[in-house]
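Inspection log for the structure reproduced underneath, given as structure tokens.
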Amino acid sequence: MKHKLLLIIFMMTAICANAQEVNDSTYNNQNPPPGFEELGFGLKDDGEVGYFDPSIEQGHPHPAPPMVPHVYYNEDAAALFFDSSCDGCTLRLIPTDEEEDEYTTIINSQILYLPLWLFGEYELQIVRGRFIFYTYIEI
């Protein structure tokens, strides 16, 4: 009787563990959810490609061009979806209208919901090391 009970417990554990693996693999899906549109980014440049942020110590130029992030935006949900890895990068929203507040946060998930108090046109910046990628969005 004990053997049958242990066998049932073992089988249930295996089934639950398999279900968890399936859920984890679908969470890491790199396709944006419906309603998101891709943003095109430029690279901020002060004369030397990639060396623009005076707060970061300058080093030697990297021989390869920087990898531009793939970011999608849903205006209705005020959400950003990061297709490429931006974990640990800094996100800055700088208003084009001087009366609005600036917003800065660290990117730590694949989907980032923007605060509801943001509205108007912003310059969206993603800071990755010495590189600042930028685009403009309407919130």
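Numbers for residues simply follow the sequence, beginning at 1. The structure presented is a predicted model; accordingly, all values stated were derived computationally and were not measured.
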Could you grab the distance from atom [atom1] of [X] to atom [atom2] of [Y], nearest 0.5 Å is fine?
X: N108; Y: C86; atom1: CG; atom2: SG; answer: 11.5 Å
X: L80; Y: L91; atom1: CG; atom2: CG; answer: 6.5 Å
X: F119; Y: L114; atom1: CZ; atom2: CG; answer: 14.0 Å
X: L124; Y: I94; atom1: CG; atom2: CD1; answer: 9.5 Å
X: R128; Y: M67; atom1: CZ; atom2: CE; answer: 5.0 Å

Checklist entry - Which is it for L93 and I137 under the side chain to side chain contact (heavy atoms under 4.5 Å, CB included) test, yes or no, and what are the steps along the way? => result CA-CA 9 Å; L93 289 170; I137 63 169; 4.1 Å; yes
What I'd like to find out is whether the side chain of [X] reaches to under 4.5 Å of the side chain of [Y], using heavy atoms alone.
X: F82; Y: P69; value: no
X: D83; Y: E38; value: no
X: L39; Y: Y72; value: no
X: L118; Y: P95; value: no
X: D87; Y: I106; value: no
X: E123; Y: K44; value: yes
X: V127; Y: Y134; value: no
X: D97; Y: E121; value: no

Checklist entry - For the residue pair F81 and P33, what are the closest heavy atoms and their distance? => result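 Of all heavy-atom pairs spanning F81 and P33, the closest is CD1-CD, 3.6 Å.
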Checklist entry - Around E37, counting heavy atoms of other residues, nucleotides and ligands shown, do more than 12 lie under 6.0 Å from its CD? => result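 12 or below, so no.
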Checklist entry - Can you check whether Y122's main-chain N or O pairs, donor with acceptor, with T96's side chain at less than 3.5 Å? => result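 No: the side chain of T96 does not pair with the backbone of Y122.
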Checklist entry - For A77, does its backbone N or O pair with a side-chain atom of N74 as donor and acceptor, under 3.5 Å? => result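 Between the backbone of A77 and the side chain of N74 there is a qualifying donor-acceptor contact (under 3.5 Å).
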Checklist entry - Hey, any chance I139 and L116 share a hydrophobic cluster, counting ILVMFWY side chains that come within less than 4.5 Å of each other, even indirectly? => result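 The answer is no; the residues belong to distinct hydrophobic clusters.
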Checklist entry - Checking side-chain contact (heavy atoms from CB on, under 4.5 Å) against F131, which of L43, V68, I126 comes through? => result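 Among L43, V68, I126, the one that satisfies the side-chain contact (heavy atoms from CB on, under 4.5 Å) with F131 is L43.
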